[in-house]
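Letters A, B, ... are given to chains in the order of the sequence lines, protein chains preceding strands, and every chain is numbered from 1. The shown structure was predicted, so the numbers you read here are calculated from the model rather than taken from an experiment.
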Amino acid sequence: MKQAETGSKVEMADKIFVKKLLSWNKKENRRKMPWKGEKNPYKIWLSEIILQQTRVEQGLKYYENFITAFPNIQALANAPEEKVFKLWEGLGYYSRCRNIITTARHICKDLGGKFPTDHNSLLQLKGIGPYTAAAIASFAYNLPFSVLDGNVFRILSRIFDIETPIDSTHGKKEFSKLAQEVLPLKRAGEYNQAIMDFGALICKPVPECSLCFFKEHCMAFALGKQLLLPVKEKKITIKERWLNYVVVKYNSEIAVHQRKGQDIWQQLFEFSLIETRERYTANQILQLFEKEFGISEYKVQDTQIETTQKLTHQLIHFRFITISLPRKQAVPHCNWVPLKNIKELAFPQSLKKFAETYLYTL
DNA sequence: TAAGCGTGGCC
DNA sequence: TGGCCAAGCTT
């Protein structure tokens, strides 16, 4: 947007957009979701955390499972961590799971079990950033804070033809300011829900301009730039890695290891791992395994299973080598878990699929 | 502050 | 089909 246009023209467009958006929301928006219209901050919070960088269709079942298992924040705070992680299994971005446990326990232990009712206190909670704080504040308490998510970036960039990259620090500030200016202060909750529904149904990445109530006022539509907005500047680099799992069995027990540190899948479980920076043969992997784990007496059951998984920043090649031990012995960094109990542990999706396909049937 | 964190659906 | 995207946050 050009500097000269930040004055009255934009304010006019704002007013028309808000009026039309709220009217569309009331008359035509049929989108239904279980947390919509919810006033319970616990349920709003849970839904918003689940939906971070996650599609509604994917998060829906997780939300229902969580509400059933943990109907209130006390139930979540009192739950064993492994049970919470097991419910989160497969949803990705597992730090969210760690954070809801921390925050639930903090609220129950230090805040009398009551969710904070002001925006700034919400922002202090682990896992709650600007978007989620605004969502809870506006949905639960109708406080005047505008949400700024992927939908809102897209919509505002198109309506006002703003080419500032949304993944830049400057862009975030600019869009945040604009979003707050557009917000109708007394109808924050209603407006925030409406604009995100509008982004999900009409002003999609590939937009349905023919259905749009605002196309006569949209600068991107006038210029034919819908598909060029919003602008992103960062290129992601994809790291390639090879995770060679040596699945160690003794009778019907499996050696498993819980991931720690700063890497992916923190706190999830895996099998004994040999990571390499390129593809190794099964024999090379077993050689490394013998050396690193101090285990040389075993029988190889299978070396064939290979698969890949694409993460946002990584391309992971998996190799599964199943071996069995003639006698039970300690496997470094691992614990022995009966096969029937493996299902109770949270695994990364690719490992879960391997286990379901090959391990339970051995 | 820029980089990193999962998974699945879409075209 | 591979790159992009989806109700972001933390470090």
Using a 4.0 Å heavy-atom cut-off across all strands, classify A:Lys310 as base, sugar-phosphate, or nothing.
-> base
Only one of A:Gln284, A:Glu306, A:His317 clears side-chain hydrogen bond (donor to acceptor under 3.5 Å, both in side chains) with A:Arg279; which?
-> A:Glu306
Counting only side-chain N and O atoms of A:Thr54, is one of them less than 4.0 Å from OP1 or OP2 of B:dT7?
-> no
Quick one: label A:Gly90 by what it contacts on the DNA or RNA (base, sugar-phosphate, nothing), any heavy atom closer than 4.0 Å.
-> sugar-phosphate
Which part of the nucleic acid does A:Arg31 contact within heavy-atom distance under 4.0 Å: base, sugar-phosphate only, or nothing?
-> base
Hey, is the side chain of A:Gln314 poking within less than 4.0 Å of OP1 or OP2 on B:dC5, counting only N and O atoms?
-> yes
Euclidean distance for C1', C:dT1 against C:dC5 (whole angstrom) | 16 Å
Hey, does the side chain of A:Trp88 come within less than 4.0 Å of B:dC5's phosphate (OP1/OP2), counting only N and O?
-> no
Closest nucleotide among B:dT7, B:dT1, B:dA3 to the A:Lys234 side chain | B:dA3
Give one of base, sugar-phosphate or nothing for A:Lys353, where a contact means two heavy atoms less than 4.0 Å apart.
-> sugar-phosphate
What does A:Trp35 touch in the nucleic acid at a heavy-atom separation under 4.0 angstrom: a base, only the sugar-phosphate, or nothing?
-> base
Could you state the CG-P distance from A:Leu351 to B:dT7, rounded to the nearest angstrom?
-> 9 Å
Taking atom P of B:dG8 as reference, at what distance in whole Å does atom CD of A:Glu89 sit?
-> 11 Å
Between B:dG8 atom P and A:Leu51 atom CG, what is the distance in whole Å?
-> 16 Å
Looking at the side chain of A:Arg96, which of B:dG6, C:dC9, C:dA6 is the nearest nucleotide?
-> B:dG6
Polar side-chain contact A:Tyr131-C:dG8 base: donor and acceptor under 3.5 Å | no
Answer yes or no: does atom NZ of A:Lys114 have more than 12 heavy-atom neighbours from other residues, nucleotides or ligands under 6.0 Å?
-> no
For A:Leu91, report the nucleic acid contact type (base, sugar-phosphate, nothing); a contact means any heavy atom under 4.0 Å.
-> base
When you get a sec, tell me which of C:dA7, B:dG8, B:dT1 is the closest nucleotide to the side chain of A:Gln58?
-> B:dG8
Using ring-ring contact (aromatic ring centres under 6.0 Å, His included) as the criterion, point out the one residue from A:Trp265, A:Phe271, A:Phe354 that pairs with A:Phe347.
-> A:Phe271
Over 12 non-hydrogen atoms of neighbours within 6.0 angstrom of CD in A:Gln287 = no
Counting just side-chain N and O atoms, does A:Arg154 come under 4.0 Å of either OP1 or OP2 of C:dC4?
-> no
Phosphate OP1/OP2 of B:dG8 contacted by A:Gln349 side-chain N/O (<4.0 Å) | yes
Select base, sugar-phosphate, or nothing to describe what A:Gln193 touches, counting heavy atoms under 4.0 Å on all strands.
-> base
The side chain of A:Thr312 lies closest to which of these nucleotides: B:dG6, C:dC5, C:dA7?
-> B:dG6
Side chain of A:Arg55 - closest among B:dT7, C:dA7, C:dC5 | C:dC5
Indicate, with a heavy-atom threshold strictly under 4.0 Å, whether A:Leu311 touches base, sugar-phosphate, or nothing.
-> base
Apply the test side chain to side chain donor-acceptor pair (under 3.5 Å) to residues A:Tyr94 and A:Gln266: give CA-CA distance (whole Å), side-chain angles for both, the deciding distance (0.1 Å), then the verdict.
-> CA-CA 7 Å; A:Tyr94 296 94; A:Gln266 257 186 75; over 6 Å; no
For the side chain of A:Thr132, starting at C-beta, report the closest nucleotide among C:dC9, C:dA7, B:dG6.
-> C:dC9
When rounded to the nearest Å, what value does the distance between P atoms of C:dT10 and B:dG8 take?
-> 24 Å
Select base, sugar-phosphate, or nothing to describe what A:Arg98 touches, counting heavy atoms under 4.0 Å on all strands.
-> nothing
Is A:Tyr94 near enough to B:dT7 that one of its side-chain N or O atoms lies under 4.0 angstrom from OP1 or OP2?
-> yes
Candidate nucleotides B:dG6, C:dA7, B:dC5, ranked by approach to the side chain of A:Asp263 - the nearest | B:dC5
How far does the P atom of B:dC11 sit from the matching atom of C:dA7, given to the nearest Å?
-> 16 Å
According to a strict under-4.0 Å criterion, is A:Gln53 in side-chain N/O contact with OP1 or OP2 of C:dC9?
-> no
A:Tyr280-A:Trp242 aromatic ring centre distance below 6.0 Å | no
Which one, C:dG8, B:dT7, B:dT1, comes nearest to the side chain of A:Gln52?
-> C:dG8
Base, sugar-phosphate, or nothing for A:Gln266, non-hydrogen atoms under 4.0 angstrom?
-> nothing
A:Phe214 and A:Phe198 aromatic centres sub-6.0 Å = no
Remember a base hit wins even if backbone is also touched, and classify A:Asn192 as base, sugar-phosphate or nothing at under 4.0 Å, heavy atoms.
-> nothing
